[in-house]
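The structure appears right after this line, and notes come after that.
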Amino acid sequence: MPKDTGPPSLLGPGLKRLAPWLVGLLTLIGLGLRLYRLEFLSLWIDELVHAQTARAYLEGRLAPVDPGLNGILQTYSVLMSFGVLGVSDFAARLPSVLYGTLCIPAAYLLARRLLNAWIGLCSASLVCLSLVCVHWSRLARMYAAAQLFCLLLLLGFLWAFDKKPVAAGSWLARRGIDGRGLGLLAGAALLAILSHQLSGLLLFGLSAWGTAVLVARWLRRQRPILDRHAFLAGLGVLLAASLFTGPGQSVLRTVAGLLLSEGQLRWLTPDLANVWQALRSPERFDNLRRYLAMLHADQGWLQLLGWAGMLLGLRRRPRATAFLACSFLAPLLLLSFVLRDPCEPRYLTFCYPLFLIAMAWGLHEILLLLAGRLPAAWRDAARLRVLMLAGGLTLLMAAGPWQGVWQLLNTSRHGNVVPIELAHIFFKDWRAACAYVARNLGPDDAILATVPQASDYYLRRDDSIVFRQQTVQPGSGAVQAFGVGPLDGTSAASLQDLQATVRLRPRGWLIGDNFLRTVHVDQPTRVWAEQHLDYHFNAVPSDWFMILSWDRPDLTRKRKLLLQVGQGGQMRSRELKFAVDLSKPNPTVKLRCLVEGLDTADEGYIRLNGQQRINLPAVPAGAFWLDVQLPRAALQAENRLFVAARPGVKGDVRPGFAVYALELKD
């Protein structure tokens, strides 16, 4: 890339020598942020893809690591971490921590090579503190690795091809190619595509940049025309043909199929008819809004610096600015309008550091514009450089996503730990649920779980039975039953299967998270389990779990009702209906409740017909019968009743409570 023209960089010679040390300090800070309380959250279900595969390989239950997995490099990284540190949540996430931390110096090197060292420093600080970068560096997923190797890929490209041909030297040197940069480019490209197939979209960005430079040269009648930019422009034509034509998609599937699975290939070769239909629909901009919402949720108004950098930088560094803009905007537009399904903000994270570099570039340009209005004696003064550097870094740190990072690191409960605009994922405390079961687990107990990958991982077994009876078809959203499985005590795919499992397995456990209340579990099967199995109230200190068990149960006995209220955001029960005879003279109707977990008199109440509230008193430890008087004046012939909880009540030591039975005595 050509040197800066116009005002100088904001770093003087002394500060340039200090820059590597500042980057080292930022790297240590970033490492600390990514390691702090790394094990607090249980593994998210997608993290188990890598953790379970690596554990199975170590235990000899899986010969090779399946190359069709999404993020194969991440799986191998977790495998090596498990081999050194043992199987744990910390070891599963440590590779992502290292990949994410290395993104800090990688962003500095790329920004310095592309622009200058001051922008490199600001870019490193942004990557260090970005909530997006910190969050995905703390999860055992492939997004931090994809970020790192995409940065190295672009750095290798600049290193390899940002050279002038020499008259004497190697064959590569005579053509302006650096062999070491070419090696970095090839290695980073391979590791990037093994991290996430979306990394291949950077090729569209490079080809768009090459086309832009080629067109600019042609308009200015500069020579030579046929160089690496012409090659990149031609590559863009081939890439467009591979994405937007049927024969091209066939070739792409053949070539990319050497590294990617069938599911990944379907993602990279979209149905063109659906794409054109989506572009004509009123929702055509919805995906773009979701990705832009991620930028705003992470950086707030500071994101405007990124767009400013892509515009203001064109006046002094058009080639460098176009390189940065094309490398980010091409994937953004393809994900927004072509590769539309599925659409998640995290799919943009592989190239997100490029936007952070653009933010640093925008700040640099704005500060230079302001410096140009100062008296001439101040413009090149060392103190001005120090002031600009300190002021720029202070602005980025003070207005950055510190609050979100602080909340992420110091969260006291599972759930949504970052804004849903950044990552719409929910952490559930499977570690605590399985720890409770493990303390009471017999050697031959059966395990049923709504997420069997989680129970297998935390209980160190591989025979959990999936407790789901229905599935949702992708695309249509239609609910379809699993059907009846083998009636040998190894299935819970239907009510019949569950009953057979409980009869054939003398002891067992059912660990259910919030999937128990979704379409994945049909109501008759869930109700049967609640009525006939033993319920362990408040066995898990976190929300969204229900743990049931059986020990040679008497299946002729059953509970009349089981309501779990005030846990996991479920502040009221399902609606209950009952009828009364209004002609009777009694002023009240007695409602008997078998309850557990009412720690205070203010925690629970009954809401009658949408208006009347009747408080429930506190109860001793264990299940306890309560008699609640319902005023007949508030009753109707047909009545609606909810059992509800008040959140955040002082003295409520156990969140939520359970109701095992409701009996009406009229």
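Numbers for residues simply follow the sequence, beginning at 1. These values consider heavy atoms only, across backbone and side chains, with no hydrogens, waters or symmetry-generated copies.
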| task | Check the pair V338 / F204 against side-chain contact (heavy atoms from CB on, under 4.5 Å), numbers first and verdict last. | result | CA-CA 13 Å; V338 181; F204 287 90; over 6 Å; no
| task | Test ring-ring contact (aromatic ring centres under 6.0 Å, His included) on W307 and F355 and set out the steps. | result | CA-CA 8 Å; W307 307 113; F355 185 78; 5.2 Å; yes
| task | Would you please test C150 and C351 for side-chain contact (heavy atoms from CB on, under 4.5 Å) and show each step? | result | CA-CA 7 Å; C150 285; C351 62; 6.0 Å; no
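For R290 and E421, the salt-bridge test fails: no basic side-chain N is under 4.0 Å from an acidic carboxylate O.
Residues H364 and N116 have side chains that bring a donor and an acceptor to within less than 3.5 angstrom of each other. Side-chain polar atoms of W209 and S327 form no donor-acceptor pair below 3.5 angstrom. Under 3.5 Å, the side chains of Q74 and S195 contain no donor-acceptor pair of N or O atoms.
Residue pairs that meet the side chain to side chain donor-acceptor pair (under 3.5 Å) test with at least one member in residues 144-153, sequence neighbours left out, do not exist here.
For L305 against M359, the heavy-atom pair with the smallest separation is CB-O, 3.6 Å. In terms of heavy atoms, L232 sits closest to L206 at CD1-O, 3.7 Å. In plain terms, the two heavy atoms of A188 and L153 that are nearest each other are CB-N, 3.5 Å.
Side-chain N or O atoms of T53 include none that pairs as donor or acceptor with a backbone N or O of H50 at under 3.5 Å.
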Just distance, no hydrogens or angles: give the donor-acceptor pairs under 3.5 Å from side chains in residues 126-135, sequence neighbours left out.
from : atom 1 : to   : atom 2 : distance (Å)
S130 : OG     : V132 : N      : 3.3
S130 : OG     : C133 : N      : 3.3
S130 : OG     : D298 : OD2    : 2.8

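Side-chain contact between L363 and L302 is absent, with no heavy atoms from C-beta onward closer than 4.5 Å.
Note that the OH atom of Y347 and the NE2 atom of H196 stand 6.5 Å from one another [nearest 0.5 Å]. For the atom pair CD of Q407 and CG of L409, the computed distance is 10.5 Å after rounding to the nearest 0.5 Å. Taking OG of S336 as the reference point, atom CG of L329 lies at 10.0 Å (rounded to 0.5 Å). L356 CG to L295 CG: the interatomic distance, rounded to the nearest 0.5 Å, is 9.0 Å.
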